[in-house]
**Student:** 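First, the structure itself, so that you have it in front of you.
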Number of protein chains: 2
Amino acid sequence: MRNGADGDGQPPLVQSVDRALAMLSVLADRGSAGATDLGAELGVHKSTASRLLATLEAHGLVEQRGERGTYRLGFGLVRLAGASAAQLDLSRLGRAACERLAAELDETVNLAVLDGDSAVNISQVQGSASVGVLNWVGRRTPLHATSSGKVLLAYGPSAARAALSATSLERYTPATITDAALLDEVLAGVREQGWAATEGELELGLNAVAAPVCAPDGRLVAALSVSAPSYRLPRDRFADVAERLCAVATETGRQLG
Amino acid sequence: MRNGADGDGQPPLVQSVDRALAMLSVLADRGSAGATDLGAELGVHKSTASRLLATLEAHGLVEQRGERGTYRLGFGLVRLAGASAAQLDLSRLGRAACERLAAELDETVNLAVLDGDSAVNISQVQGSASVGVLNWVGRRTPLHATSSGKVLLAYGPSAARAALSATSLERYTPATITDAALLDEVLAGVREQGWAATEGELELGLNAVAAPVCAPDGRLVAALSVSAPSYRLPRDRFADVAERLCAVATETGRQLG
DNA sequence: CCGCACCGTTGCGCATGACGCAACGCTAGC
DNA sequence: GCTAGCGTTGCGTCATGCGCAACGGTGCGG
């Protein structure tokens with residue numbers, strides 16, 4: 001173990017543990033993958049990947065299809081998550097907020113958190129319409145093209161904004177914001193009005209409004225959003241929906257300790 | 001790394017990863033603990049415990065209270081668990097026909113059967129778009145207002161048609177057929193062209209096309225349908241989609257014993 | 001049928017990274 | 001004030017993580 005905190009203040013990590021945990025993130029993104037692919041993704045030999053996976057599997061954090069098949073995340077994660085105090089706090093309160101808003105607005109409500117360069121949806125409650133937004137729980141979405149992402153950028157750590165400015169913004173539809181300067185303007189507007197919206201920027205026909213959930217000390221914790229087909233959530237509804245979102249988000253944040 | 005599966009057939013584990021993951025289990029049981037306690041629990045020195053915890057924390061699987069306080073399970077577990085649960089849901093969906101069509105057409109595909117006075121959806125596979133048709137598996141839908149229902153009426157037992165004619169047809173939207181004579185005409189047209197469609201008859205903005213799955217002896221078994229928001233499945237696409245539906249439905253029916 | 005490519009697993013031995021020791025600074029309790 | 005205990009961090013040793021190579025299995029194409 002050759003130590004020394006590297007330049008950016010990161011404490012020294014146990015490399016083999018770091019690699020094993022990185023595999024979990026890859027599987028969360030990909031759904032499933034083989035040992036050889038996972039090894040390539042991490043820059044390690046497939047035999048190393050196989051051994052790390054065997055250890056993760058022994059603890060139930062991954063499962064393998066068949067004797068020699070691909071790996072996916074395992075149910076042991078759900079058990080561990082169930083035991084976590086953090087889950088009890090934000091997930092319970094977040095779920096209650098989602099359920100309340102979905103009942104009021106009869107549309108899909110999501111709670112998302114910032115994870116690196118993505119918004120990750122951790123809770124979702126759907127309205128009663130058949131044409132709606134499909135299950136996004138666990139899915140990573142691009143920050144610049146989603147209402148949750150804009151909120152997470154506007155209220156979250158400046159490092160996330162800086163990191164995004166240093167990359168080119170991917171286009172998903174003709175409406176996607178791909179100019180960094182324009183995105184900065186939009187984010188300034190988000191901070192001013194207290195909520196964010198998207199109109200067909202991630203996917204044609206999909207609109208959404210989001211508000212920040214902040215802890216009592218002012219830190220951003222999550223983004224609460226309502227999303228729907230654009231014909232049910234047109235621009236002229238945004239302000240009304242945002243008002244409800246902000247009220248529930250503020251109250252949810254107040255209850256977080 | 002000295003290998004050799006030990007006596008009980010367990011593959012060799014990467015020791016440091018094993019230790020780190022064991023810490024997660026201890027925290028799940030205990031709620032929170034310090035590095036010294038966790039080290040004692042695992043039989044390792046507290047400095048080793050501290051480094052393993054730092055690595056788990058870098059991945060969000062544990063969180064520390066304050067600068068030098070106790071550790072507890074972290075929010076990263078909730079994110080990973082969410083991804084895991086979503087995958088388990090997806091793995092339950094669909095027959096071969098539903099999967100094949102959804103892959104081809106990239107829309108929601110359902111298989112429904114006739115049950116008394118309703119169409120009951122028994123399988124569903126969704127396309128990749130976020131704005132789509134939510135999970136209908138197990139849900140009963142009205143025969144006269146859904147494409148599956150029209151197929152089940154047109155090709156199914158005449159008793160179902162008679163029973164429906166004896167009741168008043170409920171209106172769901174302005175487009176719903178509520179006149180029994182008109183419905184009879186529509187069903188005759190369905191039998192003639194071999195497929196059925198609905199345009200906003202159950203829900204505004206929801207269109208669908210369906211074809212019959214018949215056993216080799218000609219009996220109606222089920223209805224195979226594709227549904228989507230109307231802007232993605234407008235009337236001028238119905239015939240093309242129906243052609244694919246009928247081909248897959250016919251082949252599926254042929255395979256039924 | 002065969003050969004080939006690719007997969008995940010496993011044995012092996014090397015060298016590097018995980019480990020324990022020791023020291024440090026901080027906090028809480030007396 | 002002092003003491004005890006905490007988590008963190010530098011250091012050097014050696015044990016364990018690593019990549020190489022081989023194996024057996026599977027799928028594909030000729």
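Computation of the quantities below employed the complete heavy-atom set of this structure, encompassing side-chain atoms and omitting hydrogens, waters and symmetry-equivalent molecules. So you know, we letter chains A, B, ... as the sequences are listed, proteins then strands, and number each from 1.
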**Student:** How long is the line joining CD of A:Gln15 and P of C:dA15, in whole Å?
**Tutor:**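 Taking CD of A:Gln15 and P of C:dA15, I get 17 Å after rounding.
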**Student:** Among residues two or more places apart or on two chains, list those pairs meeting side-chain hydrogen bond (donor to acceptor under 3.5 Å, both in side chains) that have a residue in residues 142-152 of chain A.
**Tutor:**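 side-chain hydrogen bond (donor to acceptor under 3.5 Å, both in side chains) check on residues 142-152 of chain A returns A:Ser148-A:Ser225, A:Lys150-A:Glu201.
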**Student:** Just the rounded figure in Å: distance from C1' of C:dC19 to CE of B:Met23.
**Tutor:**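 Nearest whole value for this atom pair: 13 Å.
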**Student:** Name all residues meeting the side-chain hydrogen bond (donor to acceptor under 3.5 Å, both in side chains) criterion together with A:Arg171; count only those two or more places apart in sequence or in a different chain, and write none if there are none.
**Tutor:** A:Thr178
**Student:** Mind listing the N/O atom pairs, protein and nucleotides 8-10 of chain C, below 3.5 Å?
**Tutor:**
{"residue": "C:dG8", "atom": "OP1", "partner": "A:Ala35", "partner atom": "N", "Å": "2.6"}
{"residue": "C:dG8", "atom": "OP2", "partner": "A:Thr36", "partner atom": "N", "Å": "2.8"}
{"residue": "C:dG8", "atom": "OP2", "partner": "A:Thr36", "partner atom": "OG1", "Å": "2.1"}
{"residue": "C:dG8", "atom": "O3'", "partner": "A:Gln64", "partner atom": "NE2", "Å": "3.3"}
{"residue": "C:dG8", "atom": "N7", "partner": "A:Lys46", "partner atom": "NZ", "Å": "3.2"}
{"residue": "C:dG8", "atom": "O6", "partner": "A:Lys46", "partner atom": "NZ", "Å": "3.4"}
{"residue": "C:dG8", "atom": "N3", "partner": "A:Arg68", "partner atom": "NH2", "Å": "2.9"}
{"residue": "C:dT9", "atom": "OP1", "partner": "A:Gln64", "partner atom": "OE1", "Å": "3.3"}
{"residue": "C:dT9", "atom": "OP1", "partner": "A:Gln64", "partner atom": "NE2", "Å": "3.2"}
{"residue": "C:dT9", "atom": "OP1", "partner": "A:Tyr71", "partner atom": "OH", "Å": "2.9"}
{"residue": "C:dT9", "atom": "OP2", "partner": "A:Ser50", "partner atom": "OG", "Å": "2.5"}
{"residue": "C:dT9", "atom": "OP2", "partner": "A:Tyr71", "partner atom": "OH", "Å": "2.9"}

**Student:** Shortest non-hydrogen contact from A:Gly194 to A:Tyr155?
**Tutor:** CA-OH, 3.2 Å
**Student:** Which residues pass the side-chain hydrogen bond (donor to acceptor under 3.5 Å, both in side chains) test with B:Asp37, sequence neighbours left out?
**Tutor:** none
**Student:** Rounded to whole Å, please give me the gap between CZ in B:Arg19 and P in D:dA15.
**Tutor:**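 Atom CZ in B:Arg19 sits about 13 Å away from atom P in D:dA15.
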**Student:** Mind checking side-chain hydrogen bond (donor to acceptor under 3.5 Å, both in side chains) for B:Glu104 and listing every partner two or more places apart, or none if nothing turns up?
**Tutor:**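 Here the qualifying residues are B:Arg244.
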**Student:** Taking only residues two or more places apart in sequence or in another chain, which ones pass side-chain hydrogen bond (donor to acceptor under 3.5 Å, both in side chains) with A:Gln64?
**Tutor:**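 A:Gln64 satisfies side-chain hydrogen bond (donor to acceptor under 3.5 Å, both in side chains) with A:Tyr71 once adjacent residues are dropped.
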**Student:** In whole Å, I'd like the distance from the CD atom of B:Glu63 to the C1' atom of D:dG7.
**Tutor:**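 B:Glu63 atom CD is separated from D:dG7 atom C1' by 18 Å.
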